[in-house]
Amino acid sequence: MTHSTDIALWKQVAFLHSAPMDALAAIADAATWRAYKRDEVIFLEGEPTAGLFLVESGVVKICRYSKDGREHILHFIQRGDTFNDVSVLDGGPNPATAVAHTDATLWHVARNDLHAIVLRDPALAWAMIENLARRARMLVSTVQNLAMRNVRSRLAKLLLEQAEAAERGESPTPLTQEEMAHYLGTVREVVGRTLRALAADGLIEMQRQQIIIVDRAGLRAEAEV
């Protein structure tokens, strides 16, 4: 049986804000609840489409791996957002690997079920296309970030983004230096040296597990924002 809380959670998804209640109810009714432990693999890149997922609690890491096993983190997905939109729309294999970054609970909708719902509501199809376009813009920005900024600039940008997210009342995912490296396309030793250099230049302070921005204008200049 579908509960109203399930529908309310689906309505938090950005591209479903204006969806009719009957479409939301159909999606919620088709969804199944799943729980994952920290570091548990949800699905693997290259496998047949795993369907659409919505995060109820916790954080999910979306990543890809090179042939030599190096990880590159693409996104962190939190409560109220979906992932694996690409393969659920085109029917192709999962484009990346999803791992529970923390203990997480998710809702899952199979591609066939979602396809049937969308056929009954064309406005929902358009909303999903717009959502995919937004994600494509984010990907273009990520590619530009990796291609046109050095590690110091990319790290400064990441620190500013996390600080600004916290100021908006969001809960940015705490990252270890290893995870920062995987997110920025480098290695932990380089991140460590760069953090120490930013601290030596008076832009940040490092206190135990915390990084405090001291000179935001200076950090923005480093990030080329």
Side-chain angles (χ1 to χ4, degrees), residues 6 9-19 23-37 39-56 58-102 104-147 173 179 182-185:
D6 302 337
L9 181 62
W10 282 101
K11 195 169 181 61
Q12 288 181 32
V13 177
F15 69 90
L16 295 178
H17 283 338
S18 59
L24 289 172
I27 293 172
D29 192 51
T32 55
W33 186 85
R34 299 182 178 184
Y36 296 86
K37 294 293 185 183
D39 295 329
E40 186 175 353
V41 173
I42 299 165
F43 57 74
L44 293 171
E45 172 189 350
E47 291 184 340
T49 178
L52 184 72
F53 289 81
L54 169 66
V55 178
E56 178 184 65
V59 179
V60 172
K61 176 176 67 177
I62 308 300
C63 54
R64 300 192 71 170
Y65 294 91
S66 65
K67 289 183 178 179
D68 61 3
R70 279 188 58 186
E71 179 186 62
H72 179 62
I73 298 172
L74 301 174
H75 307 291
F76 287 102
I77 310 295
Q78 302 190 44
R79 176 180 169 84
D81 204 359
T82 59
F83 60 96
N84 210 39
D85 308 53
V86 171
S87 75
V88 84
L89 285 173
D90 71 5
N94 303 319
T97 293
V99 179
H101 187 64
T102 66
T105 57
L106 313 174
W107 289 94
H108 167 258
V109 181
R111 181 175 188 267
N112 289 343
D113 291 334
L114 187 62
H115 183 249
I117 295 166
V118 168
L119 287 178
R120 298 197 298 268
D121 192 338
L124 189 57
W126 185 252
M128 294 188 72
I129 291 170
E130 288 183 332
N131 182 58
L132 194 60
R134 282 192 293 271
R135 293 193 187 275
R137 286 183 182 274
M138 289 174 57
L139 182 59
V140 169
S141 177
T142 298
V143 170
Q144 182 185 33
N145 191 42
L146 289 170
T173 305
E179 289 162 346
H182 293 167
Y183 191 73
L184 298 173

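Residue Cys63 holds its SG atom at 11.0 Å from NE2 of His75, rounded to the nearest 0.5 Å. Once rounded to the nearest 0.5 Å, the distance linking CD of Glu56 with CG of Leu106 reads 8.5 Å. With values rounded to the nearest 0.5 angstrom, Thr97 atom OG1 is found 13.0 Å from His72 atom NE2. With rounding to the nearest 0.5 angstrom, the CG atom of Leu54 is 8.5 Å from the CZ atom of Arg79. Here the straight-line distance linking atom OG1 of Thr173 with atom CD of Gln78 works out to 4.0 Å at 0.5 Å rounding.
Between Leu52 and Asn84, the closest side-chain pair of non-hydrogen atoms is not below 4.5 Å. Leu16 has its side chain out of reach of Lys11: every pair of non-hydrogen atoms, C-beta onward, lies at least 4.5 Å apart. Side chains of Asp6 and Trp33 form no contact here, defined as non-hydrogen atoms less than 4.5 Å apart. The shortest distance between side-chain heavy atoms of Thr82 and Phe15 falls below 4.5 Å. His101 has its side chain within reach of Phe76: a pair of non-hydrogen atoms, C-beta onward, lies under 4.5 Å apart.
For Tyr36, there are no ring-ring contact (aromatic ring centres under 6.0 Å, His included) partners two or more places apart in sequence or in a different chain. Partners of His182 by ring-ring contact (aromatic ring centres under 6.0 Å, His included), not counting sequence neighbours: none found. Residues meeting the side-chain contact (heavy atoms from CB on, under 4.5 Å) test with Ala31, sequence neighbours left out: Trp10, Trp107, Val109.
Here the shortest heavy-atom pairing between Ile62 and Ala96 reads CG2-CB, 3.7 Å. Shown here for Thr49 and Asn94, the closest heavy-atom pair between the two residues is CA-OD1, 3.3 Å. The nearest pair of heavy atoms linking Ala30 to Asp113 is CB-CB, 4.0 Å. Taking each heavy atom of Ala19 and Leu24 in turn, the nearest pair found is O-CD1, 3.9 Å. Considering every non-hydrogen atom in both Ile73 and Glu179, the closest pair reads CD1-O, 3.6 Å. The two residues Pro93 and Gly46 have their closest heavy-atom pair at CB-O, 3.5 Å.
Using a 30° and 60° split on the angle between ring planes, Phe53 and Phe43 fall in the tilted class, from 30° to 60°.
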Could you walk me through whether Val59 and Thr102 pass the side chain to side chain contact (heavy atoms under 4.5 Å, CB included) test, one step at a time?
-> CA-CA 5 Å; Val59 179; Thr102 66; 4.1 Å; yes

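The stretch residues 85-100 participates, sequence neighbours left out, in these salt bridge (charged side-chain N to carboxylate O under 4.0 Å, His left out) pairs: Asp85-Arg135. For residues 40-55, every residue pair satisfying the salt bridge (charged side-chain N to carboxylate O under 4.0 Å, His left out) rule, not counting sequence neighbours, is listed here: Glu45-Arg64.
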Sequence neighbours excluded and cut-off under 3.5 Å, please list the side-chain donor-acceptor pairs for residues 114-126, or say none.
residue : atom : partner : partner atom : Å
Asp121  : OD1  : Ala123  : N            : 3.2
Trp126  : NE1  : Glu130  : OE2          : 3.1

